Number of protein chains: 2
Amino acid sequence: MAVTLKEVAERAGVSRSAVSRTFTDGASVSAKTREKVEKAAKALGYKPSLIARSLATNRTKLIGLVANNFQNPAFLDVFDLFTSELQKRGFRPLLVNLSGDTSPKKFVELLRQYSVDGVIVATSTLPTSFANAFQTAGIPVIHTFGKYQANANVHVVGIDNEHCGSMAARTFKERGYRKVALLGGPESATSTKDRVVGFLRTAKELELDVVAKGFAENYTYKAGREAMSELLADASIEAVFCGDDLICMGAMDAVRAAGKKIPEEIGFLGFNDIAMAGWDAYSLTTIRQPIRDIIMSSVELVVGMVENPDRSPEIRLFPCTIVDRGSLKPVDRSGN
Amino acid sequence: MAVTLKEVAERAGVSRSAVSRTFTDGASVSAKTREKVEKAAKALGYKPSLIARSLATNRTKLIGLVANNFQNPAFLDVFDLFTSELQKRGFRPLLVNLSGDTSPKKFVELLRQYSVDGVIVATSTLPTSFANAFQTAGIPVIHTFGKYQANANVHVVGIDNEHCGSMAARTFKERGYRKVALLGGPESATSTKDRVVGFLRTAKELELDVVAKGFAENYTYKAGREAMSELLADASIEAVFCGDDLICMGAMDAVRAAGKKIPEEIGFLGFNDIAMAGWDAYSLTTIRQPIRDIIMSSVELVVGMVENPDRSPEIRLFPCTIVDRGSLKPVDRSGN
DNA sequence: AAATTTTTTGCAACCGGTTGCAATTTTTTT
DNA sequence: AAAAAAATTGCAACCGGTTGCAAAAAATTT
């Protein structure tokens with residue numbers, strides 16, 4: 001069906017190698033042959049088969065993108081950036097939907113069978129061992145949104161979750177809140193754990209009173225709403241730090257349904273800065289995670305690893321920033 | 001690096017063909033040989049290389065998924081369902097991000113080079129010629145969310161947009177609205193055009209007064225908000241039919257910012273039923289597009305085409321339904 | 001113009017599988 | 001038990017490229 005190397009070679013009156021070389025960069029062909037080949041190729045509509053090339057070179061230009069959070073709007077950016085950035089560099093994403101199934105083995109096998117050149121594991125809800133499994137199998141891997149570990153043996157790109165938790169506590173202090181609550185994402189996520197640690201530590205240092213603590217079952221509006229309803233029993237909560245914007249919006253609506261005003265009676269601080277956080281109906285003050293930087297960096301790293309597989313593991317952490325909208329009181333200038 | 005057929009054959013003491021056959025379903029091998037081979041394969045950790053297989057069989061089990069709307073939450077479901085459904089059937093999605101670039105040629109080349117077995121073009125904002133280009137190139141293609149055309153030469157899966165527009169008009173009539181407005185998505189999208197046609201036709205039949213008409217530049221909250229601000233000049237609007245939930249939410253906030261109450265002073269009818277439509281702050285009455293059915297059907301079709309490429313083109317349209325929440329008045333029972 | 005160096009070219013083997021075909025083995029029929 | 005039919009097996013060619021190597025051609029040096 002498709003035109004092959006051989007046909008081009010025949011038409012151009014050169015060897016198959018010559019044709020191959022004109023389509024391989026870095027290979028040596030004289031200007032004359034190149035011209036003949038290109039003419040013949042154009043006439044025939046020839047494009048080299050990447051499959052055949054992959055077999056011969058043992059490189060596929062395919063990058064596995066494994067994710068398990070297909071329902072969070074934050075992932076729209078992730079998909080958009082990943083795909084367009086890989087595309088720009090001549091690679092292609094092979095999407096793997098992990099939902100539910102978390103045993104690494106199967107996925108390592110799968111991606112190995114497709115001979116992907118590298119893998120980006122984009123999730124914080126999976127143990128670090130998941131990404132490591134690829135490493136062990138000899139597949140270059142980046143753990144995006146992964147957990148920072150001093151003894152890293154895998155590239156990690158993300159944020160310092162502990163520091164972000166701390167930042168949340170400091171923000172509450174600045175705004176004059178005393179009795180605060182924590183409404184985290186799934187308790188098993190490393191990102192949640194780390195933020196909790198940072199938040200509690202700093203809250204203690206600043207003498208904030210953590211009067212309630214809860215976790216949403218997953219990163220959804222509904223889970224946030226439900227978890228908040230339970231927390232609401234404690235009437236003294238002045239502000240809530242949520243582990244995710246979606247959860248936060250659910251929580252806000254639970255609070256409003258209970259007849260409380262935001263931010264007058266209760267304040268909210270979200271996490272991620274998804275598009276909806278800017279919507280009037282929520283106008284959420286939130287901690288922005290620099291998704292763009294994280295993705296760009298991950299792509300750069302994975303492509304780098306393909307070129308140089310035994311580059312030593314790196315940790316890249318990006319700073320988060322507060323995006324101030326209307327769900328927290330303004331900074332308290334009264335002194336204290 | 002990886003274990004190959006040959007090594008397994010040697011260890012099992014059989015020919016390479018025998019090994020190949022035990023890993024190809026439908027091939028004939030005796031129970032005895034199969035056992036020997038499987039044992040050797042397990043011991044060696046062998047998995048057949050899909051690349052090599054692809055080259056030999058001219059089948060890759062890769063399905064191109066081309067999309068250009070990575071910012072709409074409606075696409076979260078699309079990605080989730082597509083990937084998991086393909087996965088279930090032993091295929092894999094190769095994602096193509098079209099953002100901006102709309103000349104088919106380049107993408108046909110690209111997907112052809114990767115020898116994808118089929119392509120799903122998931123967009124209503126591209127001319128039908130885009131999907132046709134794959135068809136012409138001999139690549140099985142499904143145009144999901146595509147436009148119904150009597151003289152179809154490409155599989156189309158989606159909804160009857162004209163009918164949905166009509167449905168919107170009827171809904172307004174039922175609820176007792178007279179002066180209505182239309183706030184469509186991008187004017188160039190076939191889905192928008194069709195909905196407008198259906199809406200206007202039925203509005204006329206039912207003697208509704210279409211007092212304003214506008215189009216958002218793209219499927220975003222912001223575009224919706226801006227477009228609505230302009231429409232708002234016409235003070236007589238009683239209800240607005242929006243071409244997309246995101247646009248609709250933007251429009252609602254524009255209206256609220258102008259001090260009008262929803263649904264008392266102005267009603268809204270959205271389109272798609274994204275998760276946020278159910279959020280308390282919007283509680284949007286909307287026309288639900290059965291994404292799940294559409295995707296499942298698309299996947300089934302594309303896989304079907306891979307097996308039987310000259311299956312004749314089919315149109316599959318699924319019914320939309322009204323999801324009644326709080327952004328429209330209840331049905332008017334007063335008689336007219 | 002001959003000798004040397006550099007560049008270009010084609011040959012042939014290889015990447016890791018599949019598959020048509022003929023030979024062999026096993027099973028069924030008579 | 002022999003003959004016929006069916007199932008299994010291995011050989012070898014093939015899928016469509018790449019690449020090391022030696023020969024040939026071109027460019028440079030003497």
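Quick note on labels: first sequence line is chain A, next is B, and so on, each numbered from 1. From a predicted model like this one, the values you see are computed outputs, not experimental measurements.
Rounded to a whole Å, the CG atom of L50(B) is 18 Å from the P atom of dC15(C). Taking atom NZ on K47(A) and atom P on dG17(D), their separation rounds to 13 Å, with Å as the unit. The nearest whole Å value for the distance from the CZ atom in R53(B) to the C1' atom in dC14(D) is 17 Å. Atom CG in L55(B) sits roughly 17 Å away from atom P in dC14(C) (whole-Å rounding). As a whole-Å value, the separation of N58(B) CG from dG16(C) P is 20 Å. Summarising the geometry, the separation between CD on E35(A) and C1' on dT8(C) is reported as 16 Å, rounded to the nearest angstrom. Straight-line distance from the CD atom of Q113(B) to the C1' atom of dG16(D): 13 Å, rounded to whole Å. The interatomic distance linking K6(A) (NZ) with dA12(C) (P) rounds to 15 Å, in whole Å.
When distances are taken from the side chain of A52(A) to each of dA26(D), dG17(C), dG17(D), the shortest belongs to dG17(D).
Dashed line: the shortest gap from a side-chain N or O of S54(A) to OP1 or OP2 of dC15(C) is not under 4.0 Å. For the pair S20(A) and dG16(D), the criterion of a side-chain N or O lying under 4.0 Å from OP1 or OP2 is not met. For the OP1/OP2 pair of dG16(C) and a distance below 4.0 Å, the side-chain nitrogens and oxygens of S49(B) include no atom meeting the criterion.
Using a cut-off of 4.0 Å between Lys/Arg side-chain N and Asp/Glu carboxylate O, K88(B) and E85(B) are scored as salt-bridged.
Scanning all heavy atoms of the two residues, the minimum distance from T128(B) to H143(B) falls at CA-CE1, 4.3 Å.
Closest-nucleotide positions on DNA chain C for R21(A) and R16(A) were compared, and the one nearer the 5' end corresponds to R21(A). The residue among T57(B) and K32(B) whose nearest nucleotide of DNA chain C is located toward the 5' end is T57(B). Mapping A31(B) and V19(A) onto DNA chain D by nearest heavy atom places A31(B) closer to the 5' end of the strand. Taking for each of V14(B) and I51(A) the nucleotide of DNA chain D with the nearest heavy atom, the 5'-most of the two is the partner of V14(B).
V29(A) comes within 4.0 angstrom of sugar-phosphate atoms only, judged by non-hydrogen atoms across all strands, and of no base. Base contact: S17(A) has a heavy atom under 4.0 Å from a base atom. If you check every strand for non-hydrogen atoms under 4.0 Å, S28(A) touches a base. Among the heavy atoms of the strands lying under 4.0 Å from T33(A) are primed sugar atoms or P, OP1, OP2 only; no base atom is included. Residue contacts shown for T24(B) are limited to sugar-phosphate atoms, with no base heavy atom under 4.0 Å away. Looking at heavy-atom distances under 4.0 Å, T4(A) makes contact with sugar-phosphate atoms alone, never a base.
At distances below 3.5 Å, not a single donor-acceptor pair connects side-chain atoms of D117(B) with backbone N or O atoms of R59(B). In this structure, S129(A) contributes its side chain and N132(A) its backbone to no donor-acceptor pair below 3.5 Å.
Taking the ring centroids of F70(A) and F79(A), they lie under the 6.0 Å cut-off. Two rings, from F23(A) and Y46(A), have their centers less than 6.0 Å apart.
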